[in-house]
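Some notes on the structure that comes next.
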Amino acid sequence: MTSPTPDSSRSEKLFARAQELIPGGVNSPVRAFRAVGGTPLFIKSAQGPFITDVDGRRYIDYVGSWGPMILGHADPEIVAALQAVAANGTSFGAPNELEVELAEEIVDAVPSIEMVRMVNSGTEATMSAIRLARGVTGRDKLIKFEGCYHGHADSLLVKAGSGVATLGLPDSPGIPASLAQHTLTVPFNDATAVEDLFKQHDDIAAVIVEPVVGNMGCVQPREGFLQALRELSTQHGALLICDEVMTGFRVARGGAQALYNITPDITCLGKIIGGGLPVGAYGGSRELMRNIAPTGSIYQAGTLSGNPLAMTAGLLTLRRLKDESIYAELERRSAQLCDGLSNIAADAGIKTITNRVGSMWTSFFNDGPVTNWETANRSDRELYGKFFHAMLDEGIYLAPSQFEAGFVSITHTEEIIEQTINEARNAFQGLR
Ligand code: KE4
């Protein structure tokens with residue numbers, strides 16, 4: 001750690017303090033800039049498409065808190081509603097009307113969900129979904145895909161993406177081999193490998209998948225891949241879990257399952273359904289969800305689950321997203337951005353591959369198609385790091401990792417997108 005000097009930035013000074021108090025100076029590893037180098041920016045405020053750091057520098061933000069901020073930061077309606085609701089109490093530890101209303105919004109938007117349980121993070125959602133699948137099937141094994149990240153529950157930190165891939169970590173210590181052995185991993189987009197696992201194992205409880213991967217960077221499912229997972233799971237008595245923590249209400253109001261016409265047994269949600277406050281959720285048929293305590297014996301609980309603040313931010317966000325024209329506009333602007341970035345990279349003689357679904361995308365510094373972890377991992381991490389900092393110098397804040405998705409919000413106007421492309425032109429030219 002370099003000690004701050006009098007002319008260090010406030011971020012550098014804060015980072016020095018933070019590293020004495022918090023592991024790596026951050027409360028989530030991917031924020032630490034380990035993959036791209038340099039000092040993470042400490043953010044003081046955010047508004048619409050912008051974030052402002054503690055040194056007063058403003059950036060056009062394409063991280064959007066890793067997905068939740070589809071309406072942009074500090075949406076005035078949501079902020080006002082939060083102020084009003086907070087005045088009535090921040091947490092009751094008892095049922096409240098807002099929980100019912102948010103559940104109604106989710107059930108209305110996602111037909112495969114007849115009943116839903118709120119939790120406080122995506123990790124809790126996927127952890128609970130796995131327990132449910134194991135509980136109802138009486139089986140232990142789980143299939144996940146290399147490079148997919150489903151939060152940090154023990155069974156899921158096996159060949160995971162996102163921060164694990166970013167840091168190049170082996171599977172995390174602290175997970176008993178007796179548990180990890182039940183997690184089987186295969187390449188994303190390889191249905192044959194899944195079929196082979198089902199032939200080898202008769203105790204597979206579930207297949208869990210990011211239907212559009214965000215956590216190795218953005219990777220789309222091949223034609224028929226998700227349908228194959230659905231068929232294989234049904235054929236072998238396993239449950240299909242779609243982890244839509246990132247894609248839910250992002251790629252479509254009904255999530256990736258609507259886009260690709262797939263019906264999972266369990267859907268996990270997070271991010272957007274909390275509008276920037278801590279919320280996760282998992283849901284499925286009434287028959288399945290009734291196995292969850294207190295109606296069933298599969299236990300899951302949470303002190304702050306369904307708290308009025310998080311419910312308010314999520315509810316207002318989902319109500320706004322009922323205006324489907326939002327998705328059409330996000331599609332237009334995201335296409336404008338990604339086409340622009342691809343073209344200027346080519347003009348600068350830099351090979352990039354852009355994968356995009358709706359308003360989530362990744363520009364891979366890579367010369368081949370990126371369809372799974374093995375191909376994503378061929379990307380030039382070092383060049384990405386240089387691009388990240390060149391864009392930061394131009395006032396554009398991208399994900400500090402090649403293996404993450406970027407996000408466009410409804411506040412990223414066409415002018416903001418054009419400005420981004422122009423500034424990216426300078427960044428790419430600087431990489432030549
Ligand atoms: P959280 O526990 O971080 O709320 O959600 C875990 C999770 C589950 N499933 C998917 C598909 C996810 O993308 C995530 C979390 N996403 C990362 C970004 N790639 C969160 C950022 C971070 O770890 O700080």
Side-chain angles (χ1 to χ4, degrees), residues 46-49 61-82 85 98-114 116 118 122 125 210-212 214 218 242-262 264 267-283 306 308-335 337 356-361 405-414 416-417:
Q47 187 71 39
D61 175 28
Y62 286 101
V63 176
S65 184
W66 302 99
M69 309 320 293
I70 194 167
L71 298 183
H73 291 289
D75 177 84
E77 180 196 10
I78 291 175
V79 170
L82 285 170
V85 161
L98 290 162
E99 295 170 278
V100 179
E101 291 182 307
L102 183 54
E104 285 171 341
E105 285 300 325
I106 290 171
V107 166
D108 180 63
V110 188
S112 69
I113 297 179
E114 295 178 328
V116 62
M118 299 295 164
E210 291 182 60
V212 173
C218 181
C242 272
D243 176 355
E244 298 226 44
V245 166
M246 189 183 284
T247 55
F249 295 92
R250 167 60 63 179
V251 298
R253 180 168 175 256
Q257 59 191 271
L259 220 49
Y260 296 95
N261 193 24
I262 196 83
T267 299
C268 301
L269 297 168
K271 296 181 190 278
I272 289 173
I273 67 164
L277 272 73
V279 181
Y282 63 105
L309 287 180
M311 296 298 99
T312 296
L315 185 59
L316 267 66
T317 299
L318 298 200
R319 281 182 177 160
R320 289 268 285 282
L321 293 174
K322 291 174 107 163
D323 172 2
E324 301 268 0
S325 70
I326 286 177
Y327 291 99
E329 189 54 30
L330 283 171
E331 174 61 31
R332 264 192 298 280
R333 295 190 200 157
S334 303
L337 174 68
R356 176 179 71 83
V357 178
S359 55
M360 63 186 271
W361 97 92
F407 302 96
V408 178
S409 82
I410 61 166
T411 61
H412 287 79
T413 61
E414 288 188 20
I416 291 273
I417 300 285

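Scope of the values below: all heavy atoms of this structure, side chains included, with no hydrogens, waters or symmetry mates.
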Completion exercise
dist Thr267:OG1 -> Tyr282:OH (nearest 0.5 Å) comes out at 13.0 Å
Fill in the blank from the handout: Residue set satisfying salt bridge (charged side-chain N to carboxylate O under 4.0 Å, His left out) with Arg332, at least two apart, ordered chain then number -> Glu329
Handout entry: Side-chain heavy atoms of Ser359 within contact of Glu331, under 4.5 Å
Key = no
Problem - Heavy-atom side-chain proximity of Lys322 to Glu105 below 4.5 angstrom - result: yes
Exercise for the section: State, yes or no, whether a side-chain contact exists between Leu71 and Ser409 at a heavy-atom distance under 4.5 Å. Expected result: no
Exercise for the section: Could you tell me whether Arg253 and Asp108 make a salt bridge, using a distance below 4.0 angstrom between a side-chain N and a carboxylate O? Expected result: yes
Exercise for the section: Answer whether the closest heavy-atom distance between the side chains of Arg356 and Cys218 falls below 4.5 Å. Expected result: no
Exercise for the section: Dump the intermediate steps for side chain to side chain contact (heavy atoms under 4.5 Å, CB included) on His412 and Tyr62, then the final yes or no. Expected result: CA-CA 9 Å; His412 287 79; Tyr62 286 101; 3.4 Å; yes
Practice task
Could you check Leu330 against Ile70 for side chain to side chain contact (heavy atoms under 4.5 Å, CB included), going step by step and ending with a plain yes or no?
Solution key: CA-CA 9 Å; Leu330 283 171; Ile70 194 167; 3.7 Å; yes
Problem - Side-chain heavy-atom pair Leu316, Thr312 within 4.5 angstrom cut-off - result: yes
Problem - Set of side chain to side chain donor-acceptor pair (under 3.5 Å) partners for Glu210, sequence neighbours left out - result: Asn215
Exercise for the section: Assess whether salt bridge (Lys or Arg N to Asp or Glu O under 4.0 Å) is satisfied between Glu414 and Arg333, documenting all intermediate values. Expected result: CA-CA 6 Å; Glu414 288 188 20; Arg333 295 190 200 157; 5.1 Å; no
Handout entry: Within-4.5 Å side-chain heavy-atom neighbours: Trp361 and Leu337
Key = yes
Exercise for the section: Please confirm whether the backbone N or O of Pro68 pairs with a side-chain atom of Ser65, one donor and one acceptor, at under 3.5 Å? Expected result: no
Exercise for the section: Find the distance between OG (Ser112) and CD1 (Ile262) and round it off to the nearest 0.5 Å. Expected result: 10.5 Å
Exercise for the section: Please collect all salt bridge (Lys or Arg N to Asp or Glu O under 4.0 Å) contacts where either partner lies in residues 65-81, sequence neighbours excluded, each pair once. Expected result: Asp75-Arg320, Glu77-Arg320
Handout entry: Minimum side-chain heavy-atom gap Met246-Trp66 below 4.5 Å
Key = no
Completion exercise
Looking only at heavy atoms, the pair that brings Gly306 and Met311 closest together is O-CG, 3.2 Å
Problem - Partner of Thr317 under side chain to side chain contact (heavy atoms under 4.5 Å, CB included), chosen from Val279, Leu277, Ile272, Ile273 - result: Ile272
Handout entry: Backbone N/O of Ala256 and side chain of Glu244: donor-acceptor pair under 3.5 Å
Key = yes
Practice task
Could you tell me the separation between the CE atom of Met118 and the CG atom of Leu269, rounded to the nearest 0.5 Å?
Solution key: 8.5 Å
Handout entry: Nearest heavy-atom neighbours spanning Ala74 and Gln47
Key = O-NE2, 3.5 Å
Exercise for the section: May I ask you to test the Ile410-Tyr327 pair for a side-chain heavy-atom distance under 4.5 Å? Expected result: no
Exercise for the section: Identify the heavy atoms of Pro308 and Leu98 that sit nearest to each other, and give their distance. Expected result: O-CD1, 3.6 Å
Handout entry: Minimum-distance pair of heavy atoms, taken over all atoms of Val63 and Phe407
Key = O-CD1, 3.3 Å
Handout entry: For the student: nearest non-hydrogen atoms of Thr247 and Met360, plus distance
Key = CG2-SD, 4.0 Å
Completion exercise
Between Ala252 and Leu259, the two heavy atoms sitting closest are CB-CD1, 4.2 Å
